[in-house]
Amino acid sequence: MEKNKTKRVSGLARPAFRSKLITYVLAAGFFGVSALLVQAEVAGSLYEGLLIPMCCYIMMAVSLNLTVGILGELSLGHAGFMCVGAYVGAVFSIVTRTAIPSAWIRFPLALLLGGLTAALFGVVIGIPILRLRGDYLAIVTLAFGEIIRKLVENLYIAVDANGLHFSFAKAIDPLSMDLATKKDILNGPMAVSGIPRDTTLLLAVLFVMLTLFVVMNLIDSRSGRAIMAIRDNRIAAEATGISITKHKLIVFTVSAFFAGLAGVLYAHSSTLKSTQFDYNLSIQILVFVVLGGIGSTRGAMIATVILYALPELLRFLQDYRMLVYAIVLIVMMLLNNNARFHQLKQTLFQRKAKEETT
Amino acid sequence: MSFISFLISGISLGSIYALIALGYTMVYGIAKMLNFAHGDVIMVGGFVVFTAMSTMQQPVWLSILMGMVVCTVLGVTIEKIAYKPLRNASPLSVLITAIGVSYLLQNLALLIFGSSSQTFQSVVSLPPIRITETLVITGETIVTIITTVVIMVGLTLFINRTKPGQAMLAVSEDRGAAQLMGVNVNGTISLTFAIGSALAAVAGVLLCSMYPQINAYTGQMPGIKAFIAAVFGGIGSIPGAMIGGVLLGIIENLSRAYISSQLSDAIVFAVLILMLLIKPTGILGRKLNEKV
């Protein structure tokens, strides 16, 4: 008897596990059906082109949710981490393209390198902003994101027979190079081309799963509870012996790592331009997180899928589609905070629950 | 000599940032929200003046007046429709709504005026002043600085000497207590949005006269920089916004002149981060003690 009582409840009986399972199944199901639709040519090539960026944005939203929803700190510079990952991964792949011809070895290395560099940036940014809170922290993350983008925009890298050439803020002097073997890799604000298209939909979906797995298990772990305790009451959490510095750094690092991975995946599926990673992208991801329900991983994922596809679905409205998108955004926020709408929702859902029981 | 001319044009650019930052900081002080759409109100102001001057052939003073009126009405309307229902919601919800409003204004402007930049005819007809051979101050610079100084003095007098101004201070101090003392809180918040938006219209005209171009995204970067200026000076503080704005303009112009024109934005942001690390609440920001 005693043994039975202390036995851990495992498997489907644990609500946390069931909730995680639902999220995995939703993600796998959605992309599975999408892939089938594309295969069967029911969905057009437009839809196919949306899927890989969608995966990257899901990774971004899920990792940003860790900072905004679970730690409770507003970050407006998430695109900066993606930018770091994308550029590091892209440069690595272009440079080693001839040295490592097999994508099976090169691409994992690029992913690892991009993710780790972004994580390093997460730590570097995380340490100084430990002192800051609220709107001040938000503006500093915004500033960091823009700084990263501006630095990348001023970076010139080229390769020739003598090796790599770096230059900052001004183009590389062509006379210093062996022109016969010269190849530009990064050319300041110009778009980066020649990145091998290594990202496949399957790979992107696998990485979405990995992100979901790590983030949801982190939230469900001892550290995750400590992080949420910091969010709910920082002073009480500190008083119970939770190290705020450590947990904030964990969140910033993990969040930046996955944003970096998303960047590498993104870079290997399309052309790369630094203007893609401006603060508008950070804000767009934040919108996904907030509309999905702050703190909910599954919500962030679903909101990303819907809101990313929405402007494409609204394409029939032509020039008016972004206008409609803006109005949808405002109306959704107003409805979400409307007491009468909540009542309506509650009565609707209660009726549904009653029907299910009878 | 070139240093002085860079400094003066920096002060002039900074004055515009200060005007925009005032709108951010007043709204933050009173409604405790970041009005992300503020930058786009600048753009709307610029476009109204542009239309009034070039399409409707109105005189300059009337065009500017029209711009201010339209922006004031716009600011108050946005507050009434989008922000007022969210007064007790989480700050993040309000932020996202403000972003929605910002998208809305930008896309409306795109629909009406198209995506290409229009040439904005400067509203200033003052000739440039030549002090020495190299030190030339443009008419725009002089008008910008004088306008800003006049507005700053007027605003300070308004807030410290008049009843509505005192009500604004009271609401920013403690909304509940102000309401109990008989202050019309909703009216005061509307007034704040009205003043902030009118200032944004002026800033828009000055900005477009300095860089004679206008498109749907004109307000975006100045808006962000003014927001940074407001934080720099201590958000919620009116003198802080003025100091922050002018300092930011000077830093930006000097780094553009002496370090690198492409990196000037990055340098501005880096200075902000350094500043906040030394003094986490900005130059004139008050330190808030946390209650347990």
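Per chain, numbering begins at 1; letters A, B, ... match sequence-line order.
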Measure [X] against the heavy atoms of chain A and call it side chain, backbone, both or neither at under 4.5 Å.
X: B/L86; value: side chain
X: B/L111; value: side chain
X: B/Q106; value: neither

- request: Check the angle between the aromatic planes of B/H38 and B/Y24 and answer parallel, tilted or perpendicular using the 30° and 60° thresholds.
  value: perpendicular
Between [options], which residue shows the highest count of heavy-atom pairs closer than 4.5 Å to chain A?
options: B/T97, B/N107, B/I99; value: B/N107
options: B/S93, B/A82, B/A89, B/S102; value: B/S93
options: B/V268, B/L110, B/L108; value: B/L108
options: B/I81, B/N88, B/I224; value: B/I224
options: B/I228, B/L276, B/L34; value: B/L276

Below 6.0 angstrom between ring centroids: does that apply to [X] and [Y]?
X: B/F113; Y: B/F47; result: yes
X: B/F193; Y: B/Y83; result: yes
X: B/Y258; Y: B/F6; result: yes

Below 4.5 Å from any heavy atom of chain B, which atoms of [X] appear? Answer side chain, backbone, both or neither.
X: A/N280; answer: both
X: A/L286; answer: both
X: A/L74; answer: side chain
X: A/V68; answer: side chain
X: A/I294; answer: side chain
X: A/V287; answer: both
X: A/Y325; answer: side chain

- prompt: Do NZ/NE/NH1/NH2 and the carboxylate oxygens of A/R149 and A/E153 come within less than 4.0 Å?
  reply: yes
query: Is the shortest side-chain N to carboxylate O distance from A/E73 to A/K248 below 4.0 Å?
result: yes
query: So which of A/D278, A/L323, A/V331, A/L329 has the largest heavy-atom pair count under 4.5 angstrom toward chain B?
result: A/L323
Hey, could you give me the [atom1]/[atom2] distance between [X] and [Y], rounded to the nearest 0.5 Å?
X: B/F227; Y: B/L248; atom1: CZ; atom2: CG; value: 12.5 Å
X: B/R175; Y: B/Q179; atom1: CZ; atom2: CD; value: 8.5 Å
X: B/S117; Y: B/Y217; atom1: OG; atom2: OH; value: 11.0 Å

- request: Among A/I306, A/T304, A/V305, find the one that has a side-chain contact (heavy atoms from CB on, under 4.5 Å) with A/I302.
  value: A/I306
